[in-house]
Amino acid sequence: PFLYVRVEDFDGDLVYEHNAINTEFAPTSPNGESWLRLWSMTKSVTIAVILDLEEDGVLSRSDLLTDYIPEFGDLSVLSADADLAACDAGLQAPARPITIEDLLNHNDGFYYPFTGYACLDDAMKAARLPEAESSADLINRIAALTLHPDGVGEHVYGIGTTILGLVAERATGQSFDNIVEARLTGPLGISETLKYTLPDTVSTYPRVSGSDGTLRLAKDNELDIFGGPVPEFGADTNIFLGGEGLVGTTRAYATFLRMMGSMGELGGVRILDEATVRDWYAPKTQLDSAYGKNGFNIWVTSGEFDGLPDQKPGLLVGGGYEGTAFWIDIEAEYVGLIMSQVHSPVTGGVDEVSRIRGLIYEHILEPSTN
């Protein structure tokens, strides 16, 4: 439906900008002030807030999840050899308790409904998490789920970062949107343009799908990351999904990225210690991958890509559902975003994002040295 590309240097100066639209779905061209649904780009914001809370001694990554959410004390793990249609017949206790660090690493056993285990996927879809009426209701819906067979200690991408937001609420006694504003977006001056609710005068682009091979408006419940329902952004929103729930402008998110790339300080405002930021992107999981390593939900590229020219290694890369993507180049001091709103893309979205980023470096920023 549209493509918006924005590259800034660490001072916030615009280095490159590009947009293109299909007028059938995007009647106005996006720019740095256009509001977009950010989905899993929310995770990096949540993790930064959790690391800030740890710096202040409010919580520790070694704490147990049940220290804050005792409702999760009875979670079970699906046995790897269970009948895939009947979770109840193959349950076992977790090998060990879940820690906050497990949630930071997606080593917690939580998931999205694409596991291939029918009973897990069906239960997640039936839980309809974005429709929870409160944080307590959301906790109760999650507590009724069964953990992935890989269990605690193995990397399974899922809703762990959403649970981190609930941990922060329990640790501070505040709503997560207020925590994010007080600790991150407020000090950075972006609390009005990176948040969990849309301003009354703002609308976002329509939801578009390419799953049939051509672009069309998405059908109701077609976006399936939660099995159908999607996060709401109205003024009456009262659950704040720390893994998926932010909306905001590309320029505001670039400000957050510049702070992280500048080792936790921007414009004289320090959000995180340098050591904390370096730990954020230090390799934690997927250590045997030829394509990069994963920090706390931040991918550090090796420069290798299947079917694409090799690119600059050492970029910090992330993204989300519906075609949102970003990178941080600490060495050359750039942040970049490649943004759309479509699920599923007609062609491979990840490959296209990597291809665009590679072309930007080749023709505009600097050639790859890999």
Side-chain angles (χ1 to χ4, degrees), residues 35-43 45-46 65 68-72 74-76 87 103 106 108-115 117-148 156-170 174-180 195-200 202-209 211 217-248 320-322 324 341-344:
W35 284 76
L36 303 175
R37 299 176 292 272
L38 299 179
W39 288 99
S40 284
M41 283 169 53
T42 303
K43 290 178 169 63
V45 172
T46 297
L65 173 57
Y68 302 96
I69 309 181
E71 295 94 325
F72 291 161
D74 294 326
L75 287 168
S76 297
C87 286
L103 296 169
H106 293 292
D108 43 52
F110 295 105
Y111 46 86
Y112 289 115
F114 313 114
T115 66
Y117 295 92
C119 60
L120 296 185
D121 295 344
D122 290 347
M124 173 67 83
K125 294 173 184 177
R128 300 185 72 83
L129 300 185
E131 295 178 348
E133 296 180 355
S134 65
S135 294
D137 183 20
L138 181 59
I139 286 170
N140 288 335
R141 294 181 188 218
I142 296 171
L145 299 174
T146 299
L147 297 176
H148 193 279
V156 178
Y157 188 72
I159 63 169
T161 321
T162 291
I163 295 168
L164 280 174
L166 298 169
V167 167
E169 291 189 338
R170 289 284 179 88
Q174 303 173 51
S175 66
F176 194 59
D177 64 328
N178 284 339
I179 300 168
V180 171
K195 55 199 296 185
Y196 287 88
T197 57
L198 280 170
D200 292 339
V202 168
S203 60
T204 57
Y205 288 93
R207 301 184 189 277
V208 175
S209 175
S211 61
L217 294 178
K219 301 171 186 175
D220 289 346
N221 292 328
E222 188 166 23
L223 274 69
D224 57 355
I225 193 168
F226 286 113
V230 293
E232 298 293 337
F233 310 113
D236 58 350
T237 298
N238 59 6
I239 62 166
F240 309 101
L241 301 175
E244 307 85 9
L246 280 175
V247 284
Y321 206 61
E322 276 199 286
T324 63
Q341 302 276 249
V342 57
H343 185 81
S344 301

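- Here the closest non-hydrogen pair linking S135 and E169 is OG-OE1, 2.7 Å.
- A salt bridge links D137 with R141: at least one charged nitrogen is closer than 4.0 Å to a carboxylate oxygen.
- Formation of a donor-acceptor pair under 3.5 Å by the T162 side chain with backbone atoms of G243 is found in this model.
- Taking 4.5 Å as the limit, some side-chain heavy atom of R128 sits within range of a side-chain heavy atom of N221.
- Nearest heavy-atom pair across G160 and F110 is N-CB, 4.3 Å.
- For L75 against L145, the heavy-atom pair with the smallest separation is CD2-O, 3.5 Å.
- Atoms CG and CD1, on L103 and I163 in that order, are 6.0 Å from each other to the nearest 0.5 Å.
- A distance of 6.0 Å separates CG of L198 from CH2 of W35, quoted to the nearest 0.5 Å.
- Among L138, I239, L65, the single residue meeting the side-chain contact (heavy atoms from CB on, under 4.5 Å) criterion with L166 is L138.
- Using cut-offs of 30° and 60° for the angle between ring planes, the F226 and Y112 rings count as perpendicular.
- In this structure, E131 places its CD atom where more than 12 heavy-atom neighbours from other residues, nucleotides or ligands lie under 6.0 Å away.
- Note that CG of L164 is 11.0 Å distant from CD1 of I159, once rounded to the nearest 0.5 Å.
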Practice problem: Begin from the C-alpha positions of W39 and I225 and carry the test side chain to side chain contact (heavy atoms under 4.5 Å, CB included) through to its verdict. | Solution: CA-CA 10 Å; W39 288 99; I225 193 168; 3.4 Å; yes
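- Side chain of T42 to backbone of L246: a donor-acceptor contact under 3.5 angstrom is found.
- Using the six-membered ring where Trp is involved, F176 and Y196 have ring planes that are perpendicular, over 60° apart on the 30 and 60° scheme.
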Practice problem: Mind running side chain to side chain donor-acceptor pair (under 3.5 Å) on T146 and Y117 for me, showing each step along the way? | Solution: CA-CA 11 Å; T146 299; Y117 295 92; over 6 Å; no
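- When every heavy atom of Y68 is checked against every heavy atom of R170, the shortest pair comes out as O-NH1, 2.9 Å.
- Side-chain N or O atoms of N238 include one that pairs as donor or acceptor with a backbone N or O of E133 at under 3.5 Å.
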Practice problem: Would you check, one step at a time, whether the test side chain to side chain contact (heavy atoms under 4.5 Å, CB included) holds for K195 with D177? | Solution: CA-CA 7 Å; K195 55 199 296 185; D177 64 328; over 6 Å; no
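- In this structure, A218 and L223 approach most closely via the heavy-atom pair CB-CD1, 3.8 Å.
- Separation of atoms CG (L147) and CG (D108) is listed at 8.0 Å; rounding is to 0.5 Å.
- With values rounded to the nearest 0.5 angstrom, F72 atom CZ is found 4.5 Å from I142 atom CD1.
- Closest approach of P113 and G227 over heavy atoms only: CG-N, 4.0 Å.
- In this structure, Q341 contributes its side chain and R37 its backbone to a donor-acceptor pair below 3.5 Å.
- Contacts classified as salt bridge (charged side-chain N to carboxylate O under 4.0 Å, His left out) and involving residues 218-227 (residues at least two apart or in different chains) are given here: R216-E222.
- Rounding to the nearest 0.5 angstrom, the gap separating the CE atom in M124 from the SG atom in C119 is 12.5 Å.
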